[in-house]
Enquirer: 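One structure, pasted below without further comment.
Order of appearance sets the numbers: ligands from 1, and atoms from 1 within every ligand. These numbers come from a predicted model, not from an experiment.
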Amino acid sequence: MQKLTLESSVAELHGVGPAKQKSLERLGLFTIRDLLYNFPRCYEERGNVLPLSAADTESPYAFLLTVATEVKSVMIRRGLTISKFRAFDETGAVEVVFFNSPFVKEVFHTGSTFRFYGKLNLSKKTLQLTNPKYEPYVEGCPLPQFVPVYPLTHGVNSKFIEKTTTIAMEAVLPSLIDPLPENIRLQNSLPTLSFAIKNAHTPDDAPTLAKALKRLAFDEMLYFGIGISRAARHKSKGEGLRFSKCDLQPFLNLLPYELTDSQKMAVNDIYADTVIGKDGVVSPMARILVGDVGSGKTVCAALAIYIAAKSGYQSAFMAPTEILARQHYAELKKMYAEFGISCELLLGATTQKEKRRIYKSIEDGECLVVIGTHALLSDKFSFANLGLIITDEQHRFGVNQRAILKDKARQAHMLVMSATPIPRTLALAMYGDLDVSKITQMPKGRMRVDTFVVDESYRSRLNDFIKKQVLSGGQCYVVCPAIEASDEETENAVIIESFSPDSTISTYNSNIKNAVKHAEYLEQNLEGISVACLHGKMKSAEKDGVMSRFKNGEISALVSTTVIEVGVNVPNASLMIVENAERFGLAQLHQLRGRVGRGTRKSYCVLVSGIKSEKSEARLSIMRSTYDGFEIAEKDLVLRGPGDFFAALDGSTFRQSGGFTFKIASLCDDSELFTTAFQTAKTIITEDPELSLPEHRGLRLEADKYFAPINSTIS
Ligand code: ADP
Ligand code: MG
């Protein structure tokens, strides 16, 4: 057989035919690398074997049982065969039942012992174990404590992925070359890559799993750090466009409010970058504007566009969703019209005829401002004289996409806006290639959103509260961590919520609210109130439809996943409920809270959490007492580590664009690991900017997988 590598197709693995290959591809698993980096979403805790007498019928458990009788199979009717036998341990006996699995006759022989995993049930006073999972037990050969559970799709089950992954690991891990130079690996007490991959899939115990995850998290952070450090080195070479001096007052006169000091400072930064320059030279601006939701970033962008337009340069303003693009367009078009600055909206959904018209006016240089979505990245047109590129909510776009837009005009200035406050200590690492302007003040007169933390015992009061808000004319968001019920397999499973490399894995039995089911629940329990569901698996037209019906008030309670996190403005919304709040990062909760209290209504945020750990209580109580996003981010970093910030960077659009994903780093609650990884990246890049030393060749290949476009297009 030909030697398999990480880049071989999954089809080359034993047991993967065309049908299975298709199913795996549906999970995004094309190569062996994809398969090996497809980590379990949780593990079944089978190491904790219970005596039969100690188990209840509530949750699945592991048992060590010896087969007592032969398997008897009975055909009950066509299509239903039942196979049964009895098994026992020192404390009792149980009837083991399998449906439609006559082959178990060949598996279970009297006197042999197995580890079973399943839920006990009582049938006519007989204790049963129905369709349990099982592994043969041999004295002296301990079975793994954790059994991996993988994300599934139609046509493959977790067992299949487990088996295929094991085959893949056996084929490639022994000859896998570790891209991490050994001295770095040893300095940080990290295991080899093969060890890490093997033990992330099939760990022997919790400490081994933590060790494996530590290595994989370090890799992600290191490659990210290398990418950012290289981008920073490449940035702002050469001259940029110089915009002409201009008086902003006429534009400011159109605003119904005065800018906050923070906004003024941000605008001054932009003015300095694009008009004044440094030592007489204007370099291409690469600036990020960070500010809480509602802090008024859009108007700063609008002023930047005004400066560009006054100098005769075009601006492209890219928003992550059509709703947001429309919202910006509606607000800005009127103002620019006052100055004869023409402004167009370009969306995927724009008709061909309209697109042709807009393309032409952009190519003629007649249209000075174009607001839109990814449609702006189209190669079907070019700008006459693009001077300014603005992207909103930048973490939703890949660095790659930024690069594509930038490619349309290499000397253009770039402004990205983000509502994710990044703690000071991480800012340099995450935005190393960008200068930072912060908006730290909220506009005057903003009401504070009263925040409560409640548990399940408040459920009916909470429902009454939703009714009260809606009946008095308000609207309500309900955010759940999951989209759909995950299959039964994961019930009571060990979910890796977060990990510290040096502690054991924190685990708990999950009871996660999912948006689809919770919407049904609310529909049944909130009579007369229109409830709708919104989540990331819906088509974007569907999503936009639901969102605009919520916006115009047809829908009163919107149950969703965090898709609503991105800047939609519904001033009438007065209540934000977050289910399983302990599962969210504080920065994220803060963003969610920022969805309400945008109008004149007194607004509330209710965080529902059943978890009673000291740490999660401490975290949630920060939300009750702190309303400043930056302060929250700093505190969250201390309590939870950097993982949440990686999770925030790992937005869905970002992922699709082939950008960086933080599968493991987003779980890490150890700030030190991040700092070390980032510092290591910086040292490597300082010593060897092109990663051309032999020991860095592996790193270069890895980092390029994520950051290739930077070298070729951001200059
Ligand atoms: P974000 O920073 O989340 O993008 P927006 O730019 O959407 O925030 O601004 C939120 C709202 O605040 C908008 O309705 C905007 O008109 C308003 N706003 C912005 N700046 C001020 C200000 N200085 N004073 C009062 N209202 C403001
Ligand atoms: Mg915004």
Enquirer: Given that the side chain starts at C-beta and the backbone is N, CA, C, O, which of these parts of K444 lies under 4.0 Å from ligand 1, counting heavy atoms, or is it both or neither?
Expert: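 It is neither; nothing of K444 touches ligand 1.
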Enquirer: Is there a heavy atom in S295 that sits closer than 4.0 Å to ligand 1?
Expert: yes
Enquirer: For K334, I'd like to know if atom NZ has over 12 heavy atoms of other residues, nucleotides or ligands within 6.0 Å.
Expert: no
Enquirer: Are R357 and E354 close enough for a salt bridge, meaning some N to O gap below 4.0 Å?
Expert: yes
Enquirer: With the side chain counted from C-beta on, respond yes when I466 and I577 share a heavy-atom pair under 4.5 Å apart, and no when they do not.
Expert: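 The answer is yes; the side chains approach within 4.5 Å.
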Enquirer: For T260, take its heavy atoms, then give the atoms of ligand 1 lying under 4.0 Å from any of them.
Expert: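 Atoms satisfying the 4.0 Å criterion: 23 (N).
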Enquirer: With a 4.0 Å cut-off on N to O distance, would you call K602 and D450 a salt bridge?
Expert: yes
Enquirer: Heavy-atom contact under 4.0 Å between I439 and ligand 1?
Expert: no
Enquirer: What are the atoms of ligand 1, with element, lying closer than 4.0 Å to any heavy atom of T298?
Expert: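 That gives atoms 4 (O), 5 (P), 6 (O), 7 (O) of ligand 1.
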Enquirer: For K355, is the NZ atom crowded, meaning more than 12 foreign heavy atoms sit under 6.0 Å from it?
Expert: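 Check passes, neighbour count above 12.
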Enquirer: As a check for students: among G599, G294, P571, identify the option with a heavy atom nearest to atom 1 (P) of ligand 1.
Expert: G294
Enquirer: Would E258 count as a contact residue for ligand 1, given that I'm defining contact as a non-hydrogen atom of the residue lying under 4.0 Å from a ligand atom?
Expert: yes
Enquirer: Could you go through residues 298-305 and list every donor-acceptor pair under 3.5 Å that involves a side-chain atom there, pairing it with any protein atom two or more places apart or in another chain?
Expert:
none

Enquirer: When you look for heavy atoms under 4.0 Å from ligand 1, do you find them on the side chain of D392, its backbone, both, or neither?
Expert: neither
Enquirer: Would you verify whether the NZ or CZ of K333 falls within 45 degrees of the ring axis of Y336 while also being under 6.0 Å from that six-membered ring's centre?
Expert: no
Enquirer: Between ligand 1 and L259, is the shortest N or O to N or O distance under 3.5 Å?
Expert: no
